[in-house]
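Beneath this line is the structure, given in structure tokens, with notes to follow.
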Amino acid sequence: MAVDKKNIMLRYFFIVLVMSLVGIAIVVKASLIMFAERQYWNDVADRFVKENVAVPANRGNILSSDGKLMASSLPEYRIYMDFMSGEKDPKLRAKDQHRRDSILKANLDSISRGMHAIFPDKSVAYFKNVLREGRRKKSRHYLLYPKRISYIQYKEVKELPLFNLGPYKGGLHDQPYNQRKKPFGSLAAQTLGRLYADTAMGARNGIELAFDTLLKGRSGITHRQKVMNKWLNIVDIPPVDGCDVISTIDVGMQDICEKALIDELKEINASVGVVVLMEVATGEVKAIVNMTKGEDGNYYEMNSNAISDMREPGSTFKTASIMVALEDGKTTPDTEVDTGNGVKNMYGSKMRDHNWYKGGYGKITVTRALEVSSNVGVSMLIDKYYKDDPQKFVDGLKRMSIDQPLHLQIPGEGVPNIKGPKERYFAKTTLPWMSIGYETQIPPMNILTFYNAIANDGVMVRPKFVKALTRNGEVIEEYPTEVINGKICSDRTLTQIREILRRVVSDGLAKPAGNKQFAVSGKTGTAQISQGKAGYKSGRVNYLVSFCGYFPSDAPQYSCIVSIQKPGLPASGGLMAGSVFGKIAERVYAKNLRFDIRSAIDSTTNVIPAVKAGEMKEAQTVLKALNVPTEQQFADGKAKERWGQSQATASAVILEEKKGGGDNIVPNVIGMGTKDAVYLLESKGLKVRLEGIGRVRKQSLAGGSRIVKGQTVALTLR
């Protein structure tokens with residue numbers, strides 16, 4: 001039978017045409033999916049098809065030494081709306097879409113009002129427009145609110161109509177974030193550290209960076225699987241949450257240090273301020289403050305100045321210089337040095353004491369040289385005994401480990417720079433200037449570690465910021481105290497320098513750092529800040545004022561350094577840094593007071609109180625109301641006022657009247673309270689100027705002298 005070739009070719013052509021059209025349709029559809037509908041299908045894939053999705057672990061917390069939360073990861077969310085049904089079946093999809101649209105239309109007002117109540121920064125009309133616009137665009141991933149929201153806000157949103165139906169029926173879905181929060185705000189912020197805005201990039205600095213791998217834990221893996229016609233998240237590998245880090249920071253002490261420092265920085269218009277408070281025996285850093293003045297005039301934690309600032313320490317370094325001379329037997333605390341008129345020519349450069357314009361200190365002992373921080377005295381001693389062998393002096397410093405890096409638990413520390421005679425730029429002037437804290441660069445933390453060793457019976461310990469790691473409340477690792485140098489000097493030298501440092505505060509320039517309740521030891525420092533190649537005196541001179549010491553002197557518990565950078569004069573390590581130290585020491589000491597129960601008094605005991613001098617009839621009225629027995633030694637008569645003093649005995653308070661000597665005689669108000677003293681003096685026609693608080697300890701016009709009307713009497717209170 002003959003083959004109909006024409007018919008076969010027609011069929012073949014038709015088949016090729018159909019296949020070509022199908023191919024073209026596939027290419028067109030693929031192009032549409034790849035380009036025009038790409039975002040849509042990406043959104044669908046993100047929501048419904050998730051294979052091997054990483055589940056981030058919860059980042060561990062950072063806690064204070066007493067268990068207070070200082071940094072924690074809290075969830076935040078962005079909320080989105082899917083305005084389209086996810087059903088695959090066309091009939092089910094149409095039905096579901098109609099149901100969803102009906103609920104949205106019926107509850108548009110209530111949803112918008114509810115959103116406005118949760119987010120009052122946006123109006124009801126704003127949320128109405130958002131919902132309408134998302135529905136008009138048939139978006140599957142429409143942002144409902146531009147900012148991240150808290151977990152509590154997210155829960156409130158999910159209770160609104162339509163949104164309470166869940167992500168598949170209602171369309172509300174979220175994108176979670178882990179946001180790092182610090183309950184105490186900026187307190188110790190630089191030391192705790194910060195995370196990058198994109199938390200996936202990890203930490204930037206501080207404890208967060210140093211312990212990043214332990215804090216962030218290990219991510220898990222999940223995939224989506226349809227079970228019983230429902231999509232479920234199946235966990236393949238569960239996430240392991242990060243460890244909690246127990247820091248050494250004490251929140252109360254940190255707050256004390258920060259407030260004391262900022263008050264002083266504002267008063268003297270300083271540019272940078274640092275405080276570090278450390279526990280003597282353990283090296284635990286209980287507080288660390290790094291404040292830098294911002295453009296708005298306020299102070300913020302911007303840099304880790306306490307561990308990174310490479311500055312010439314100034315006179316706080318004199319302690320190390322004298323210790324080398326004491327240890328080598330070159331001097332004793334009573335060795336005398338003649339500082340002359342306070343100016344000494346050192347190899348062509350003039351060394352000056354701070355009081356040179358007053359004629360200097362003349363001949364003084366080593367102890368007095370440190371008490372008054374004599375540049376001339378210290379530099380002359382060190383130059384006299386070490387100019388022929390400066391390496392011996394440098395070796396003495398290294399023997400005390402003041403040149404060693406600390407290898408701290410947090411990153412960013414500077415390494416001390418102490419020059420040796422074999423190094424470049426070591427001139428004849430280097431040794432005398434090095435001895436008083438110039439031509440060396442040492443971070444504040446290293447200076448504090450050195451003084452802490454003096455307080456710690458010569459044992460130098462490494463400063464510590466983290467003392468333990470925990471997981472689920474159980475300690476998994478502890479960080480013990482590490483010894484850098486078991487003995488920085490002999491016991492003889494240690495005893496001598498500790499007595500000298502105590503006298504620097506009690507009898508020297510560091511009196512503002514002292515306290516009447518307990519003894520304080522330490523050393524002041526005031527140094528010009530080098531401007532690099534420009535030297536020290538280009539333009540306005542900047543100063544570094546500091547104080548480093550420990551308290552109480554007899555049984556040291558804490559060491560502390562205060563270091564402040566400021567422009568121009570006045571500049572005083574004792575008055576500025578020392579006063580900050582004094583406030584910190586007093587408040588920390590009071591915070592840690594432990595009351596002896598043996599001194600407690602039974603409530604039924606009749607206590608005989610001490611009574612100020614002043615108006616005795618008023619004192620008698622108060623004592624009578626308190627059921628305190630009194631004995632009066634008043635002159636006869638019915639005077640309205642009886643001025644005098646009291647005397648406490650074992651059984652009563654004796655009230656004694658003292659005659660003032662007439663209207664023209666200045667009364668003796670020593671021992672009186674402020675109110676009585678001012679009243680009595682002004683009633684005599686005198687003007688009063690007060691200084692201090694408490695009882696009158698001194699008056700400028702002696703009691704019994706003749707009054708000149710209008711005179712001013714200055715009262716010193718304490």
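Values below: all heavy atoms of this structure, side chains included; hydrogens, waters and symmetry mates excluded.
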For A210, give me all partners under side-chain contact (heavy atoms from CB on, under 4.5 Å), at least two apart in sequence or on another chain. P411
For E208, is there an ion pair with R180 - N to carboxylate O distance below 4.0 angstrom? yes
Option among H98, R99, Q97 that satisfies the side chain to side chain donor-acceptor pair (under 3.5 Å) test with D101: Q97
Residues D174 and R78 bridged, charged N to O under 4.0 Å: no
D121 bridged to K147 by N-O distance under 4.0 Å: yes
Whether over 12 other heavy atoms sit under 6.0 Å from I152 CD1: no
Under a 3.5 Å cutoff, is there a donor and acceptor pairing between the side chains of N446 and E413? no
Any salt bridge linking R59 with D241? Criterion: basic side-chain nitrogen under 4.0 Å from a carboxylate oxygen. no
Under the salt bridge (charged side-chain N to carboxylate O under 4.0 Å, His left out) test, which residues partner K259, sequence neighbours left out? D255
What I want to find out is whether K286 reaches D66 closely enough, with some N-O distance under 4.0 Å, to be called a salt bridge. no
Ionic contact status for K591 with E586, cut-off 4.0 Å: no
Test: R135 cationic atom under 6.0 Å from F83 six-membered ring centre, within 45° of axis: no
